[in-house]
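One structure is given below, encoded as structure tokens.
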Amino acid sequence: MSLLRLATWNINSIRQRAGQARRWLERTAPDLLVLQEIKCEAPAFPAADFEALGYRAAVVGQKAYNGVALLARVPFEVTHRITIAGIYAPNGNSGGAAGYAYKLAWMDRLRERAAALAEADTPFAIAGDFNVCPTDEDCAPGALGPTDALVRPESRARFRALLWLGLTDALRAMVPSGPVYTFWDYQAGAWPRDLGLRIDHVLLSPTLAERLLAAEPDRRERGAEQPSDHVPLTVDLA
DNA sequence: ATGCCGGGTCCTACCCGA
């Protein structure tokens, strides 16, 4: 049986953690990795580091903030065409009411885009940092206040609207209940106290969800030297 | 409880993350 391994990782500066990403790719060998918060423009992205491992990079960069990239292993043999979206959704806590409104509007546009993909014939996955804890189980007690943009009801409603399109939350499909975090703040001993959040997600269209074999955040990476505050989330599809 | 850590940049005090 052939396997398609997808992964998403908010790397929090690719220039700071190119070596860590390279070692993780060697160990995990995904077919495709979407990265968020690369924090550089495309020419500064260390594409050669990944080409040496057999990955080709597609970069949408920005100076200082944000920025995403997609690393795909080449060569590959196309047996089933699928569409992969790598996203970095707005946090929504900065910029006051306007910043939160921007987050919600962005999520509304994402839903429209996902609805268009659902209308097409091609199976698809949306993977990335959604900056939403979908339920209370996805936020360690005390890790965030009730007014935080990541847990507010309007944010959660936008996430549910994606699921109502027929999408499957891959990690929750494999781990139906209990804490399974993908992020731990650098502050206040969040990692040693395991005060984490589940905000990185992989959503699968129905035919891909039928092929879901495994989904797991790689907690080892949070314990590395100078880690990102997010860990990679890997999803295996038959 | 925002700003304890850690990234970025107008190079160094300040913005942003979640």
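Within every chain, numbering begins at 1; the chains are lettered A, B, ... in the order of the sequence lines, protein sequences first and strands thereafter.
For the salt bridge (charged side-chain N to carboxylate O under 4.0 Å, His left out) condition, the pairs that include at least one residue of residues 212-232 of chain A, sequence neighbours left out, are A/Arg27-A/Asp218, A/Arg27-A/Glu221, A/Asp194-A/Arg219, A/Asp218-A/Arg220. Screening residues 165-189 of chain A for salt bridge (charged side-chain N to carboxylate O under 4.0 Å, His left out) gives A/Glu137-A/Arg172, A/Asp138-A/Arg172, A/Asp169-A/Arg198 as the qualifying pairs, with residues at least two apart or on separate chains. Residue pairs meeting the side-chain hydrogen bond (donor to acceptor under 3.5 Å, both in side chains) criterion with at least one partner in residues 38-52 of chain A, sequence neighbours excluded, are A/Asn12-A/Lys39, A/Arg22-A/Asp49. Counting only residues at least two apart or in different chains, side-chain hydrogen bond (donor to acceptor under 3.5 Å, both in side chains) contacts with residues 104-124 of chain A comprise A/Asp108-A/Arg158. Within the structure, side-chain hydrogen bond (donor to acceptor under 3.5 Å, both in side chains) contacts touching residues 140-153 of chain A (residues at least two apart or in different chains) are A/Asn93-A/Asp148. Within the structure, side-chain hydrogen bond (donor to acceptor under 3.5 Å, both in side chains) contacts touching residues 65-90 of chain A (residues at least two apart or in different chains) are A/Asp31-A/Arg73, A/Glu37-A/Tyr88.
Comparing the C1' positions of B/dG7 and B/dT12 gives an interatomic distance of 15 Å, to the nearest angstrom. Atom name C1', nucleotides B/dC10 and B/dC5: the rounded distance is 23 Å, in whole Å. Rounded to whole Å, the separation between the P atoms of B/dT9 and B/dG3 comes to 25 Å. When the P atom is compared between B/dC14 and B/dA1, the two are found 26 Å apart, to the nearest whole Å. For the P atom pair drawn from B/dC4 and B/dC15, the interatomic distance equals 14 Å after rounding to whole Å.
For residues 127-144 of chain A, proximity to DNA chain B is found at A/Asp129, A/Asn131, defined as any non-hydrogen atom under 4.0 angstrom from a strand atom.
For the pair A/Ser155 (side chain) and A/Ala149 (backbone), a donor-acceptor distance under 3.5 Å is present.
A/Asn66 has its CG atom 7 Å from the P atom of B/dG17, to the nearest Å. Atoms CG (A/Asp148) and P (B/dT2) sit 12 Å apart, rounded to a whole Å.
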Contact state string [nucleotides 3-11 of chain B, B base, S sugar-phosphate only, - no protein heavy atom under 4.0 Å]: BBBSBSSS-
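With sequence neighbours left out, A/Tyr100 forms a ring pair (Phe, Tyr, Trp, His ring centres under 6.0 Å) with no residue at all.
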